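Quantities reported herein were computed from a predicted structural model and do not represent experimental measurements.
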Amino acid sequence: EARGLVFSGNAFEDIIGDEQWQKADAYWVDRGWMSSVCQVVPTLCKLLRGKMRSESLEGMRMLNAGMLKTNDETVTLFSLGPKGWIPVHAGQDLRINVHLCLLNC
């Protein structure tokens, strides 16, 4: 399914440009599940939908109380171009990032 994703632009322009690192967001706390991405990778969305802490009543309370930021919990698919690289960088200190290679590993 992931082969059907179309990436464009830069994931984070301030980290690296030239479209070496791109992303497709499937879920964000404040936006919910992105239908455009879930149509392409329905298995991923089906497996994770309803399992995000922010989807629970407790998560909504935390968001409304300002204890949870909109991107504290996301499902994001990244693409790294041929011979592309990502420089060492610092992200959020409250989030754990799990990177799994899906294609051309």
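Sorted by first then second residue, the side chain to side chain donor-acceptor pair (under 3.5 Å) pairs that include residues 30-41, not counting sequence neighbours, are W33-E55. Residues in residues 17-28 take part in these salt bridge (Lys or Arg N to Asp or Glu O under 4.0 Å) pairs, two or more places apart or across chains: K23-D25.
Note that the CG atom of L103 and the OG atom of S79 stand 8.5 Å from one another [nearest 0.5 Å]. Rounded to the nearest 0.5 angstrom, K51 NZ and S56 OG are separated by 13.5 Å. The distance from the CD atom of Q20 to the CH2 atom of W85 is 7.0 Å, given to the nearest 0.5 Å. With values rounded to the nearest 0.5 angstrom, L47 atom CG is found 6.5 Å from T43 atom OG1. With values rounded to the nearest 0.5 angstrom, L63 atom CG is found 9.0 Å from D72 atom CG. If you take CD1 on I15 and CD on E13, they are separated by 10.5 Å, rounding to the nearest 0.5 Å.
Taking hydrophobic clusters as Ile, Leu, Val, Met, Phe, Trp and Tyr residues chained together by side-chain heavy-atom distances below 4.5 Å, M60 does not share a cluster with M52. When hydrophobic clusters are built by joining Ile, Leu, Val, Met, Phe, Trp and Tyr residues whose side-chain heavy atoms come closer than 4.5 Å, directly or via intermediates, M67 is grouped together with V29.
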Verdict with supporting geometry, C45 and M34, side chain to side chain contact (heavy atoms under 4.5 Å, CB included): CA-CA 9 Å; C45 295; M34 315 302 178; over 6 Å; no
List the steps and the verdict of side chain to side chain contact (heavy atoms under 4.5 Å, CB included) for V75 and V37. CA-CA 10 Å; V75 175; V37 175; over 6 Å; no
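No donor-acceptor pair under 3.5 Å is formed between the side chain of E73 and the backbone N or O of W28. Without hydrogens or angle criteria, T74 side chain to N71 main chain gives no donor-acceptor distance under 3.5 Å.
Across all non-hydrogen atoms, the minimal contact from L68 to G59 is CD2-O, 3.7 Å. Across L5 and A24, no two heavy atoms sit closer than the pair CD2-CB, 4.5 Å.
Side-chain contact between F12 and F78 is present, with at least one heavy-atom pair separated by less than 4.5 Å. In this structure, N10 and I16 have side chains that are not in contact, with every pair of non-hydrogen atoms separated by 4.5 Å or more.
In this structure, a donor-acceptor pair under 3.5 Å is present between the side chains of Y27 and S54.
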